[in-house]
There are 2 protein chains.
Amino acid sequence: MTRGAGRLRTAATTRLSRDARPRVAVDTILFAFRDHQLQCYLVELARGEAAGQWAFPGRLVRIGEKLDEAARADLAASTGLRDVYLEQLFTFGDPTRDPRTHVVSVAYMGLTAAPETVSACSAKYAQGRWCGVERLPRLAYDHPQMADYALNRLRAKLEYTNIALYLLPPAFTFAQLEELYATVLERELDRRNFRRRILASGLLRRLSQERRGAHRPAALYEFAPRSLRTIEML
Amino acid sequence: MTRGAGRLRTAATTRLSRDARPRVAVDTILFAFRDHQLQCYLVELARGEAAGQWAFPGRLVRIGEKLDEAARADLAASTGLRDVYLEQLFTFGDPTRDPRTHVVSVAYMGLTAAPETVSACSAKYAQGRWCGVERLPRLAYDHPQMADYALNRLRAKLEYTNIALYLLPPAFTFAQLEELYATVLERELDRRNFRRRILASGLLRRLSQERRGAHRPAALYEFAPRSLRTIEML
DNA sequence: CCAAAAGTGTTGGCTCTACACCCATGA
DNA sequence: TCATGGGTGTAGAGCCAACACTTTTGG
């Protein structure tokens with residue numbers, strides 16, 4: 001999001017002195033795989049010109065803050081989530097992207113495996129909600145571009161890294177993994193070929209437990225190194 | 001580079017009021033293929049705490065400026081070059097990266113096919129020079145990280161795009177193209193396989209002229225679309 | 001005619017894709 | 001016993017890597 005401080009400014013001089021340099025913000029596109037969909041977290045802006053519009057959570061960066069720490073702290077404030085995978089995406093600097101003032105925004109992609117633990121949103125926003133990436137409402141500012149950029153990055157990284165580990169619970173079945181891939185990449189995958197390739201990458205470890213349910217039990221797996229690895233997945 | 005405004009500040013209050021927010025800068029790692037090496041353009045800082053150290057050209061972004069326009073304008077001012085391919089790399093925001101003040105720097109990679117046309121460097125710097133990427137001097141600030149990042153990006157993009165077009169003259173031989181790839185990727189390439197793959201990508205057009213020299217003449221080629229295309233090259 | 005760089009094809013191995021049936025369980 | 005989702009193997013095609021000799025020119 002881009003700031004709406006909400007404070008009125010009365011004169012151009014005020015604006016000029018306050019705006020001597022562009023400001024720096026971070027905005028985070030937080031993804032989760034929920035309800036058989038890739039979803040992202042939206043907040044409804046409560047203040048400023050864009051009040052009532054939906055956007056991604058974010059805020060200005062303060063003096064002395066690292067960018068990723070600002071993004072992480074803001075995400076904790078907006079969603080209550082603490083363990084989020086964060087990756088810098090791109091910096092959007094068009095001076096007109098926020099009609100009020102020149103804000104340069106560093107966009108981050110966030111991934112969480114625990115979307116249900118999101119708590120009441122910060123007072124800064126009217127509300128927050130998860131929304132399927134196929135059904136996004138009109139977003140404020142240049143946030144539609146950010147959404148595109150984040151989605152492309154996530155799709156690309158599914159193909160050559162084990163980034164899916166940040167979207168899945170610690171133990172999961174092959175069916176879950178395959179559904180994640182098929183959904184995000186929007187294409188069907190051959191179950192046998194998918195299995196073979198993923199196993200060949202050596203990044204999964206089979207657990208001794210199984211998931212029991214209405215039907216035949218399914219073997220559970222975990223990601224073996226729990227950190228990002230670059231390797232051909234597809 | 002990160003700014004050294006050179007102006008002295010006398011009191012913490014001055015610093016605080018001036019530094020109410022982080023500043024935004026752009027820095028550009030400009031590459032060229034010159035003298036059988038991949039080289040990048042360095043400037044010697046003339047002012048500020050880092051005076052005497054080498055760095056990449058850059059400057060603060062002004063209100064109302066787009067990031068890439070700021071990078072382009074600064075490159076024109078520092079090198080005289082106007083037609084440079086620019087691509088945003090990463091934003092470095094560690095508050096301690098510039099010991100003086102909190103500057104968030106958006107790093108760009110620049111590519112030029114005409115490194116010889118670089119003109120006298122701007123008054124802002126003591127001097128400027130091309131330097132092989134294997135023999136970089138100690139660089140100011142976090143510019144060594146920027147250099148790594150840029151080099152990795154260039155290497156990656158050689159493998160899946162036609163980005164080499166921005167490093168080569170309009171007409172070139174296969175030997176030149178292969179030398180560029182082999183040098184930047186630091187590995188030998190099989191001439192026949194390389195030829196076949198590049199031609200199969202359909203991104204080269206053979207020209208009717210040949211380059212004549214001391215030995216057997218070599219066919220000249222040009223990049224057919226003169227814009228970036230994503231396609232498997234290697 | 002010699003040195004130097006340009007140009008050219010084939011084969012074997014491997015990888016990838018396409019494809020269909022049986023299994024284990026709970027209800 | 002049935003419905004549901006879980007689990008498995010093979011064959012043919014296409015792709016990729018490895019490999020060495022001939023051609024053209026200027027000196």
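Quick note on labels: first sequence line is chain A, next is B, and so on, each numbered from 1.
Atom-to-atom, CZ of R191(B) to P of dA4(C) comes out at 15 Å; the value is rounded to the nearest Å. Spacing between atom NE2 of H36(B) and atom P of dA5(C) amounts to 10 Å, rounded to whole angstrom units. Taking atom CD1 on I198(A) and atom C1' on dT8(D), their separation rounds to 17 Å, with Å as the unit. As a whole-Å value, the separation of F194(B) CZ from dC16(D) C1' is 16 Å. Distance L189(B) CG to dC19(D) P: 15 Å, rounded to the nearest Å. For the pair N193(A) CG and dC14(C) P, the computed distance is 19 Å after rounding to whole Å. Taking atom NE2 of H215(A) as the reference point, atom C1' of dG5(D) lies 6 Å away to the nearest angstrom. Remark: P of dT17(C) and CD of E188(A) are 15 Å apart, rounded to the nearest angstrom.
One donor-acceptor pair, N or O on each side, does fall under 3.5 Å between the base of dA20(D) and the side chain of R192(B). Interface remark: the R196(A) side chain does form a donor-acceptor pair with the dG9(D) base, using a distance-only criterion of under 3.5 Å. R216(B) contributes a side-chain N or O that forms a donor-acceptor pair with the base of dA6(C) under 3.5 Å.
Which of dT8(D), dG26(C), dG26(D) sits closest to the side chain of R212(B) comes down to dG26(D). For A219(A), the listed nucleotide lying nearest its side chain is dG7(D); candidates were dG7(C), dG7(D), dC19(C).
Not one N or O on the side chain of W54(A) forms a donor-acceptor pair closer than 3.5 Å with the backbone of L45(A).
Between A214(A) and R206(A), the residue anchored nearer the 5' end of DNA chain D, judged by the nucleotide with its closest heavy atom, is A214(A).
Side-chain contact between M109(B) and F31(B): present, with at least one pair of heavy atoms (C-beta onward) separated by less than 4.5 Å. Side-chain contact between E134(A) and Q39(A): absent, with no pair of heavy atoms (C-beta onward) separated by less than 4.5 Å.
Counting non-hydrogen atoms of other residues, nucleotides and ligands closer than 6.0 Å to CZ of R155(A) gives a total above 12. Atom CD of E232(B) has more than 12 neighbouring heavy atoms from other residues, nucleotides or ligands inside a 6.0 Å radius.
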